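It should be emphasised that the depicted structure is a prediction, and the values quoted were computed from it without experimental measurement. Only this structure's heavy atoms are used, side chains among them; waters, hydrogens and symmetry mates stay out. We count ligands from 1, going down the list as the structure has it; atoms in each ligand are counted the same way.
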Amino acid sequence: MHNTLLTPLDKVITMAKKHYTELQKNNIVTVQDLLLYLPREYEDRSKFTDFANIRADQTNILIGEFLSVHKEKTRNNFQLVKAPFRENSSQQIIECVWFNARGIDKTLPLHQKVMISAKAKLNYGKISLQTPKVQKYEGEISEGLFPIYPTLSFITEKWFFRKLHEELIPQIKNGNINIPNVVPSYFLEKFNLLNKKEALLILHYPKDKISLKKAQDTLAFEELFVLQLVSLYKKQNIQNAKHKSCVQAIPLNANLMKDFFKTLPFTPTNAQKISIFEILKDYEKPVPMQRLLEGDVGSGKTLVAMCALLPIILEGYQACIIAPTEILAKQLLRGITEFLAEAEKQEFFEKYKIKKLENHYNKNSENTENSNNTTDNTLFESEEIIENNHYIQTQFLSGSIKGKKREKLLENLRTNQIQILVGTHAILEDPVVFHHLGLAIVDEQHRFGVLQREKLVQKASPHFLQMSATPIPRSLAIVAFGDMDLSVLNELPPGRQEVETKVITETGRRTIELFIDDQIEKGRQAFVICPLVETSESEGFEDLRSVEEEFTRLSTHIFPHRKVAILHGKMKSKEKDTIMIDFKNKKYDILVATSVVEVGVDVPNATIMVIEGAERFGLSQLHQFRGRVGRGKHKSYCFLLHTKSYKNQRLSAMETTQNGFELAEMDMKMRGTGEIFGLKQSGIPDLKMANLMDGRKIIDAKESAEEFIQSNTSLESHLPLKDAVEARKKSMLSQ
Ligand code: ADP
Ligand code: MG
């Protein structure tokens, strides 16, 4: 029986119980786990230093032998080990010194050829080598890039070296441990990659940088390929779920879109048209669409959502739109209702009758006489909307709709009297039953977890569209949302003004305050964002302002003659909504808030966004804040204030670009992917080998995985691949 990568480590190498337990604690249990315990760096030992070239500022690698060894105590009772070392080529003797290296005096090989590497120190004209690493020199092993392993708790770098190079790797070389390729050889050849076994051996002792790179590429590709396969199989599973309410194929009706576009007050951008087209193409297949629509703030995602709704509704299905908060849900509701109202005015729906629901409309119209007309000002009073008389019944549901009203709504939903249900996550709850859900749209997706998505899939197998204002670089989106197709709104509607952005230090504060006052005088409004809610939170961040402090300061000292409101996440949702609506209706001039305003709330009259402690936020999040202004016809401004202690290089990127995708990419380069706004919640898989910045490789891996699936090759004929896919699936579930 051959051992494999999954063989438990203790079956193939010897180790003390203590080491075994410590490795286990760190999830190093199998051969593979130890093989993936990679060197933290490599030392180029292809060139040895001779005595004449020893330098104090670099690591010196010398060949020679130790002549003797002895211990010494320093004055403050530290232990020193000293050993004279004779360098081979010059026969000069150099002193080696170890500080507090217990046991080295007993294990140091004397009178044997060894290779040592160490920093040198010059003291009163005498050279000594500090704490050298010692390795028996056997000619062969010293060539190439020497691996330096990270230590793990008490387990030394040397232990890892010995176990890997003296016990494990020889068994791989002699075939006792079998390492098959995971990636089908076709792709290895196509991308000029190595066999997995070869790649692993190289990683532990590369000949040179070029072969190291190739080995890394090989394992990175494998990792991404497997990950993409997992995502694609997941997508296949969702799409193959034989659910009673699977949507039938809907042929693309270009006239419907053209006619609808005529009812709009503007021309859709090209990016909008392309995204809409991609969605309608998805509908032509009798499998539920799984699509992510990414578009910067203000890129017009609501219109795309509307166009995604139309064919579904006209085909007689129901649709729902889910937003993370009530305010946002109501805003979406308004967007959709406005589009619909305009279309109705133009008798658009006379031409395109809802297929299976004509009777329902006639039946329902008797209610319309006693219903008040529902217009903008009652928009946030959801109860009014229930009684509206639109041709397409659009209703609102959130946790705050209760009792009789809720019952009636649920009843209407079940019996297909409602075509579009807009609301919060309340829509996902069990008592909410659709008659025939054809499309689910989720706005601001980063708040929509994987579990919630599965809840939805359990309800029905509707087409699924996630909308996100977080601009994620494409390569990253492929990794993070591999089970979705991607549409990108990479263009803003024409005529948008840039939001003038300035990074301001404390000394500029007064000028900004005067400027804000001037804008308010002109009828505009301002947001002030603070990183913290209360002062008590600010421990360790004494120079950061809390929202409460700032509210008090602004309302009593700076703008006593203006109306200032406060908004933060600790307030009740009803309270928050009221304030937001009052702000929108100009009852306040200034809104001091925490990051609760970060998502989509639309206040076109607000022209100023001040962000306190801006260094605390990622660029993509700052960009989201900035997107709250510049939504109306007036020129808008964003001021980024930072605390004294902070250098503002990163922030100045905000001054130079308004492109969310660019900012996200910078975030990724400077602070890592975890910092991209909201991405943490959506769960980027844990990658060991692959670099998320390597867009080319990510796309290659994705396309290869698609090719593999399209070729209908069974995983059963690629067992190592099957195992790898299963293992990745498992690790993603436990993440
Ligand atoms: P977001 O992508 O942030 O959700 P919205 O859908 O709210 O953006 O659109 C922002 C604003 O732009 C809305 O007032 C909308 O009516 C308007 N809009 C959308 N598309 C266009 C377009 N093609 N031309 C002009 N204005 C547009
Ligand atoms: Mg939106």
Side-chain angles (χ1 to χ4, degrees), residues 257-258 260-279 291-310 320-343 376 379 420 422-424 441-448 465-472 486-499 580 584 596-607 609 620-621 623-634 636 658-661 663-664 677-678:
M257 282 304 138
K258 274 194 208 139
F260 176 66
F261 287 167
K262 282 186 210 145
T263 73
L264 296 174
F266 49 70
T267 315
T269 63
N270 269 335
Q272 282 171 321
K273 283 187 197 157
I274 291 168
S275 299
I276 293 165
F277 179 75
E278 286 167 342
I279 292 168
R291 188 166 284 281
L292 172 66
L293 174 68
E294 261 190 46
D296 218 335
V297 181
S299 57
K301 292 183 287 295
T302 319
L303 173 70
V304 178
M306 186 65 238
C307 294
L309 285 167
L310 274 179
C320 67
I321 312 184
I322 301 171
T325 66
E326 250 189 88
I327 299 185
L328 286 173
K330 284 172 181 170
Q331 194 170 288
L332 266 170
L333 176 70
R334 180 175 60 168
I336 297 293
T337 325
E338 275 173 1
F339 282 132
L340 285 174
E342 206 49 45
D376 271 345
L379 181 84
I420 303 176
V422 184
T424 60
I441 299 178
V442 174
D443 202 6
E444 302 297 346
Q445 71 76 33
H446 63 269
R447 302 238 165 143
F448 196 75
L465 179 66
Q466 286 192 2
M467 305 201 292
S468 168
T470 308
I472 307 167
L486 191 60
S487 291
V488 181
L489 294 180
N490 52 6
E491 122 188 72
L492 293 181
R496 285 282 156 80
Q497 301 185 28
E498 295 205 336
V499 177
M580 213 51 229
K584 198 177 158 79
V596 287
V597 290
E598 75 200 10
V599 276
V601 180
D602 205 359
V603 185
N605 189 52
T607 55
M609 170 59 68
S620 355
Q621 195 174 9
H623 181 66
Q624 297 278 331
F625 291 141
R626 177 166 65 183
R628 299 302 106 226
V629 296
R631 297 168 85 88
K633 51 184 183 298
H634 307 287
S636 297
Q658 305 264 327
N659 182 322
F661 285 96
L663 289 167
F677 176 55

Using a 6.0 Å cut-off, check whether atom CZ of Phe661 has over 12 heavy atoms from anything other than its own residue. yes
Which heavy atom of Asp296 sits nearest to which heavy atom of Gln658, and what is that distance? OD2-O, 4.1 Å
How close does the nearest protein non-hydrogen atom get to atom 11 (C) of ligand 1, and which residue and atom is it? Arg496 NH2, 3.4 Å
Exercise check, heavy-atom protein proximity under 4.0 Å to atom 13 (C) of ligand 1: no
Strictly under 4.0 Å, does any heavy atom of Pro268 approach an atom of ligand 1? yes
Below 4.0 angstrom from a heavy atom of Thr302, which ligand 1 atoms are there? Numbered from 1 as shown, please. 4 (O), 5 (P), 6 (O), 7 (O)
In sequence, state the C-alpha distance, the side-chain angles, and the governing distance for Leu486 and Glu278, and then conclude on side chain to side chain contact (heavy atoms under 4.5 Å, CB included). CA-CA 9 Å; Leu486 191 60; Glu278 286 167 342; over 6 Å; no
Do me a favour and list the nearest non-hydrogen protein atom to atom 22 (C) of ligand 1 with residue, atom name and distance? Phe266 CD1, 3.2 Å
Report the C-alpha separation of Ser636 and Met609 in whole Å, then their side-chain angles, then the decisive distance to 0.1 Å, and conclude whether the side chain to side chain contact (heavy atoms under 4.5 Å, CB included) test is met. CA-CA 8 Å; Ser636 297; Met609 170 59 68; over 6 Å; no
If every non-hydrogen atom of Leu292 is compared with every non-hydrogen atom of Ser468, which pair is closest and at what distance? CD1-CB, 4.2 Å
Is it the side chain, the backbone, both or neither of Leu489 that has a heavy atom closer than 4.0 Å to ligand 1? neither
Test item: protein heavy atom less than 4.0 Å from atom 26 (N) of ligand 1: yes
Please list the nearest protein heavy atom to atom 8 (O) of ligand 1 with its residue and the distance rounded to 0.1 Å. Gly300 N, 3.3 Å
For atom 20 (N) of ligand 1, grab the closest protein heavy atom and report residue, atom and distance to one decimal in Å. Gln272 NE2, 3.0 Å
Would Arg631 count as being in polar contact with ligand 1, using the rule that some N or O on each side must be under 3.5 angstrom apart? no
For Thr269, the ligand 1 atoms whose distance to one of its heavy atoms is below 4.0 Å: 23 (N)
When you look for heavy atoms under 4.0 Å from ligand 1, do you find them on the side chain of Met467, its backbone, both, or neither? neither
Ligand-residue contact atoms, ligand 1 with Val297, heavy atoms, under 4.0 Å: 3 (O)
Answer yes or no for Ser299: is there a heavy-atom contact with ligand 1 below 4.0 Å? yes
Under 4.0 Å from any heavy atom of Thr267, which atoms of ligand 1 are there? 22 (C), 23 (N), 24 (N)
Carefully, step by step, assess Leu293 and Ile441 under the rule side chain to side chain contact (heavy atoms under 4.5 Å, CB included). CA-CA 10 Å; Leu293 174 68; Ile441 299 178; over 6 Å; no
Decide yes or no on side chain to side chain contact (heavy atoms under 4.5 Å, CB included) for Thr302 and Ile336, but give the supporting numbers first. CA-CA 7 Å; Thr302 319; Ile336 297 293; 4.3 Å; yes
Minimum heavy-atom distance Met467-Lys301, with the two atoms named: SD-O, 3.7 Å
Between NZ of Lys330 and OG1 of Thr325, what distance do you get to the nearest 0.5 Å? 9.5 Å
For atom 3 (O) of ligand 1, state which one of Gly298, Pro265, Ser468, Ala271 supplies the nearest heavy atom. Gly298
All heavy atoms of Ala308 vs all of Leu465, minimum pair found to be CB-CD2, 4.2 Å
